[in-house]
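Below you'll find the structure, written out as structure tokens, and then a few comments.
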Amino acid sequence: MPELLEVEHVRRTLEPVLIGRRVARVVVRRADVVEGPRGAHDLLEGGVVRELRRKGKQLAIIAEDGRAICVHLGMTGQLRYEGDEQPREERNHVHIIWNLADARADGRMVFRDPRRFGGVWTFGSLDELEESRWSAIGPDALMIESAELQEALGASRRTIKSALLDQRALAGVGNIYADEALFEAGVRPARVCRRIRSEEWERIARAVRSVLERAIAAGGSSIRDYVDGLGDAGAFQFQHRVYGRGGESCLRCGKRLRSASIAQRTTTWCPRCQR
DNA sequence: AGGATAGCCTGCGGGC
DNA sequence: TGCCCGCAGGCTATCC
């Protein structure tokens with residue numbers, strides 16, 4: 001389940017193997033994962049990769065001539081580079097293949113997504129992408145300030161858990177890191193935003209940033225399908241303190257962690273450490 | 001406004 | 001061993 005930092009890690013691992021490479025041929029095996037014009041040209045065929053950019057959980061690949069694609073990994077999506085010598089692993093559910101070529105080597109990038117919650121969007125330019133798809137996404141969670149978080153959500157009647165998952169308010173937090181951040185901040189997920197005090201917003205913003213930073217250092221959370229751009233799994237799942245631990249004891253105080261559905265997401269928290 | 005619900009989709013693991 | 005079912009949650013749409 002890729003969240004912001006898994007996507008950032010994919011971006012960082014793909015960057016060195018993609019920048020400057022020519023997209024020789026694009027094979028679309030399942031056209032319905034593509035939104036917008038879905039010809040090979042729209043998917044960057046014939047172009048040279050100039051830049052990889054991320055906003056929230058979305059990743060854009062931009063060609064020298066301005067063409068851009070935006071990849072959303074959804075729940076189970078993978079964007080992976082395979083060198084020429086590498087064995088082709090897991091060919092099932094591979095929907096798009098970008099065959100790359102240049103003087104150095106051949107190789108390919110593949111988009112694989114068993115459950116197809118993810119997808120690829122095509123744009124004539126980065127401007128087009130930013131004006132349409134990316135204009136609705138809020139500030140990046142990695143650099144969120146408590147003032148902007150409070151400004152965006154302070155008057156809301158929703159629960160803090162549901163608000164943190166709203167990509168328009170804050171881009172990049174999913175279920176795992178929402179629970180982890182609220183544990184670190186000591187705030188119960190069912191708290192209503194408008195009743196959260198300034199010092200708590202401060203703690204929440206700081207916790208969101210620090211949870212994401214620690215997870216980046218660990219290479220992301222490998223649960224089921226997540227791998228980075230080179231196909232390697234992450235290790236942050238070994239540091240989860242509440243996510244997936246409902247019924248077990250709190251690592252801080254020993255009390256039994258509670259679990260319930262909040263905002264239609266399984267939510268876990270410590271009834272003693274979180275107020 | 002925002003909560004609840006359903007839908008999209010596959011793989012996995014628990015229970016029997 | 002094998003089948004059934006519930007669950008995992010990214011997001012969107014619709015209804016209340």
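It should be emphasised that the depicted structure is a prediction, and the values quoted were computed from it without experimental measurement. Below, chains carry the letters A, B, ... as their sequence lines are ordered, and counting in each starts from 1.
Distances shorter than 4.0 Å separate none of the side-chain N or O atoms of A:S156 from OP1 or OP2 on B:dA1. Here A:S162 reaches the OP1 or OP2 of B:dG3: one of its side-chain N or O atoms lies under 4.0 Å away. Considering only side-chain N and O atoms, A:R265 lies under 4.0 angstrom from the phosphate OP1 or OP2 of C:dG10. For A:T266 and C:dG9, the shortest distance from a side-chain N or O to OP1 or OP2 is below 4.0 Å. Not one side-chain nitrogen or oxygen of A:H93 sits closer than 4.0 Å to the OP1 or OP2 atom of B:dC9. Contact between the side-chain N/O atoms of A:Y177 and the OP1/OP2 oxygens of C:dG9 is not found at any separation under 4.0 Å.
Evaluation of A:F117 against the base of B:dC8 yields a stacking contact (centre distance < 5.5 Å, interplanar angle < 30°).
Counting non-hydrogen atoms under 4.0 angstrom, A:R116 reaches the backbone sugars and phosphates but no base. Within the 4.0 angstrom heavy-atom criterion, base atoms lie near A:Q264.
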Can you list, pair by pair, the side-chain donor-acceptor contacts under 3.5 Å of residues 139-149 of chain A, counting residues two or more places apart and other chains?
residue	atom	partner	partner atom	Å
A:D140	OD1	A:R54	NH1	2.9
A:D140	OD1	A:G56	N	3.3
A:D140	OD2	A:R54	NH1	3.3
A:D140	OD2	A:R54	NH2	3.2
A:S146	OG	A:E202	OE1	3.3
A:E148	OE2	A:E145	N	3.2

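For the pair A:D166 CG and C:dG10 C1', the interatomic distance rounds to 13 Å; values are reported in whole Å. Taking atom CG on A:N175 and atom P on C:dC11, their separation rounds to 11 Å, with Å as the unit. Rounded to a whole Å, the CG atom of A:D179 is 10 Å from the P atom of C:dG10. Put simply, OH on A:Y243 is 7 Å from C1' on C:dA8, counting in whole angstrom units. Atom-to-atom, CG of A:L164 to P of C:dC11 comes out at 13 Å; the value is rounded to the nearest Å. C:dG9 atom C1' lies 7 Å from atom CZ of A:R115, rounded to whole Å. B:dG11 atom P lies 7 Å from atom CG of A:N92, rounded to whole Å. Look at CG on A:D32: it is 11 Å from P on B:dT10, rounded to the nearest Å.
When distances run from any side-chain atom of A:K57 to the nucleotides C:dA8, C:dG10, B:dG2, the shortest one goes to C:dG10. Of the candidate nucleotides C:dG10, B:dG11, B:dT10, C:dG10 has the atom lying nearest to any side-chain atom of A:H72. Proximity note for A:Q167 (side chain, C-beta onward) versus C:dA8, C:dG10, C:dC11: the nearest is C:dC11.
When all heavy atoms are compared, the tightest approach of A:R188 to A:Q274 is NE-O, 2.7 Å. Smallest separation of non-hydrogen atoms from A:F111 and A:G118: CZ-C, 4.3 Å.
Nucleotides C:dC7 and B:dT5, compared at atom P, are 14 Å apart to the nearest Å.
Taking only distance into account, the side chain of A:R158 never meets the base of B:dA1 through a donor-acceptor pair shorter than 3.5 Å.
Within 6.0 Å of CZ in A:R275 there are more than 12 heavy atoms belonging to other residues, nucleotides or ligands.
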Applying side chain to side chain contact (heavy atoms under 4.5 Å, CB included), run through A:I61 and A:L44 and close with a yes or a no. CA-CA 9 Å; A:I61 301 176; A:L44 309 184; 3.8 Å; yes

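Under 4.0 Å is where a charged nitrogen must lie from a carboxylate oxygen, and between A:E130 and A:R53 at least one such pair does.
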